Enquirer: 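For reference, the structure I am asking about is given below.
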Amino acid sequence: MTVFAEGFDPVYDDRSRVLILGSFPSVKSRETAFYYGNRQNRFWKTLAEIFGKKLPETIEEKKDFLLRCRVALWDVVAACEVVGSADTSIKDYKVADIRKVTENAPVELIILNGTKAYDIYEKHFGDLGIPAVKLPSTSPANTRFDEKKWSDALSGFAGKT
């Protein structure tokens, strides 16, 4: 069933050097009221390993983790019609105002978590002038996830928290 849903506010501060953008929160994430709420999603585990930190469990721990690692987190879609969690079903979407983060934090790199996030970002924000890289989605549905690509992309930032 198609539903109209709204995403979450961004997590960032004036020290955020990396901005990770997903497409839109999954059903599980919307149920837990925070990013990457599906325990099977590799996002939090991958970042904890790359940054050498304890895996955050609660929403407050996750926010604190991101800010300590100087990582901003948001989605390119602020609101949309969606069926379940499928990126392919996203339609009639409103893009997030990414510049709200990039103009208020020293973002040096934008990471797009998956193809849909990348495609929407390129269509609406490809002219930001900040290096952007598409990485394999951390979704449990993505059988081609590659943690090494995430590690390589974040290697210059992981030791500087």
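From a predicted model like this one, the values you see are computed outputs, not experimental measurements.
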Enquirer: Please name all residues satisfying ring-ring contact (aromatic ring centres under 6.0 Å, His included) with Phe8, sequence neighbours left out, ordered by chain then number.
Expert: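 Expected list: Tyr35.
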Enquirer: Among residues at least two apart in sequence or on other chains, which ones pass salt bridge (Lys or Arg N to Asp or Glu O under 4.0 Å) with Glu122?
Expert: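 With neighbours one apart ignored, the set is empty.
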Enquirer: Excluding sequence neighbours, so at least two apart, what forms salt bridge (Lys or Arg N to Asp or Glu O under 4.0 Å) with Lys45?
Expert: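 For Lys45, the residues satisfying salt bridge (Lys or Arg N to Asp or Glu O under 4.0 Å) (neighbours in sequence not counted) are Glu49.
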Enquirer: What residues form a side-chain hydrogen bond (donor to acceptor under 3.5 Å, both in side chains) with Tyr93, not counting sequence neighbours?
Expert: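 Partners of Tyr93 under the side-chain hydrogen bond (donor to acceptor under 3.5 Å, both in side chains) test: His124.
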Enquirer: Who are the side-chain hydrogen bond (donor to acceptor under 3.5 Å, both in side chains) partners of Thr138, not counting sequence neighbours?
Expert: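 If we apply the side-chain hydrogen bond (donor to acceptor under 3.5 Å, both in side chains) test to Thr138, skipping adjacent residues, the hits are Asn41, Asn113.
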Enquirer: According to salt bridge (charged side-chain N to carboxylate O under 4.0 Å, His left out), does anything in residues 105-115 pair up with another residue at least two apart or in another chain? List the pairs.
Expert: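 Of all non-adjacent pairs touching residues 105-115, those that pass salt bridge (charged side-chain N to carboxylate O under 4.0 Å, His left out) are Arg17-Glu108.
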Enquirer: Can you tell me which residue pairs pass the salt bridge (charged side-chain N to carboxylate O under 4.0 Å, His left out) test with a partner in residues 139-155, sequence neighbours excluded?
Expert: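 Qualifying pairs, neighbours excluded: Lys148-Asp152.
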Enquirer: How close do Pro10 and Val101 get, heavy atom to heavy atom, and via which atoms?
Expert: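 What the structure gives for the nearest pair is CB-CG2, 4.0 Å.
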Enquirer: Where is the tightest heavy-atom contact between Ile111 and Leu135, given as atom of each residue plus distance?
Expert: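 Closest approach of Ile111 to Leu135: CG2-CD1, 3.4 Å.
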Enquirer: Tell me, please, which residues at least two apart from Tyr36 pass ring-ring contact (aromatic ring centres under 6.0 Å, His included).
Expert: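 For Tyr36, the residues satisfying ring-ring contact (aromatic ring centres under 6.0 Å, His included) (neighbours in sequence not counted) are Phe43.
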Enquirer: Pairs of donor and acceptor atoms involving the side chains of residues 83-91, under 3.5 Å and at least two apart or interchain, shall be tabulated with distances.
Expert:
residue: Ser85; atom: OG; partner: Val27; partner atom: N; Å: 2.9
residue: Asp87; atom: OD1; partner: Ser23; partner atom: OG; Å: 2.7
residue: Asp87; atom: OD2; partner: Ser23; partner atom: OG; Å: 3.1
residue: Ser89; atom: OG; partner: Val83; partner atom: N; Å: 2.8
residue: Ser89; atom: OG; partner: Val83; partner atom: O; Å: 3.1
residue: Ser89; atom: OG; partner: Ala86; partner atom: O; Å: 2.8

Enquirer: Do Arg39 and Glu57 sit within salt-bridge range, that is, some charged N less than 4.0 Å from a carboxylate O?
Expert: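 Glu57 and Arg39: salt-bridged.
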Enquirer: Counting only heavy atoms not in Tyr121 (residues, nucleotides, ligands), do more than 12 fall under 6.0 Å from its OH?
Expert: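 It does: Tyr121 OH has more than 12 such atoms within range.
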Enquirer: If the condition is salt bridge (Lys or Arg N to Asp or Glu O under 4.0 Å), which residues does Asp127 pass it with, not counting sequence neighbours?
Expert: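 In terms of salt bridge (Lys or Arg N to Asp or Glu O under 4.0 Å), with neighbours along the sequence ignored, Asp127 is linked to Arg99.
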Enquirer: Are Val133 and Ile110 close enough that some pair of their side-chain heavy atoms sits under 4.5 Å apart?
Expert: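 No. Closest side-chain heavy atoms not under 4.5 Å.
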Enquirer: With Arg15, which residues qualify under salt bridge (Lys or Arg N to Asp or Glu O under 4.0 Å), at least two apart?
Expert: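 Partners of Arg15 under the salt bridge (Lys or Arg N to Asp or Glu O under 4.0 Å) test: none.
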Enquirer: Test of understanding: with side-chain hydrogen bond (donor to acceptor under 3.5 Å, both in side chains), list the residues that count as partners of Ser139, not counting sequence neighbours.
Expert: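 Ser139: no side-chain hydrogen bond (donor to acceptor under 3.5 Å, both in side chains) contacts found.
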Enquirer: Using a 4.5 Å cut-off on heavy atoms from C-beta on, say whether the side chain of Thr115 contacts that of Lys134.
Expert: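 SC-SC contact between Lys134 and Thr115 confirmed.
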Enquirer: Parallel, tilted or perpendicular: which one describes the rings of Trp44 and Phe65, with boundaries at 30° and 60°?
Expert: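 The rings of Trp44 and Phe65 stand perpendicular, inter-plane angle above 60°.
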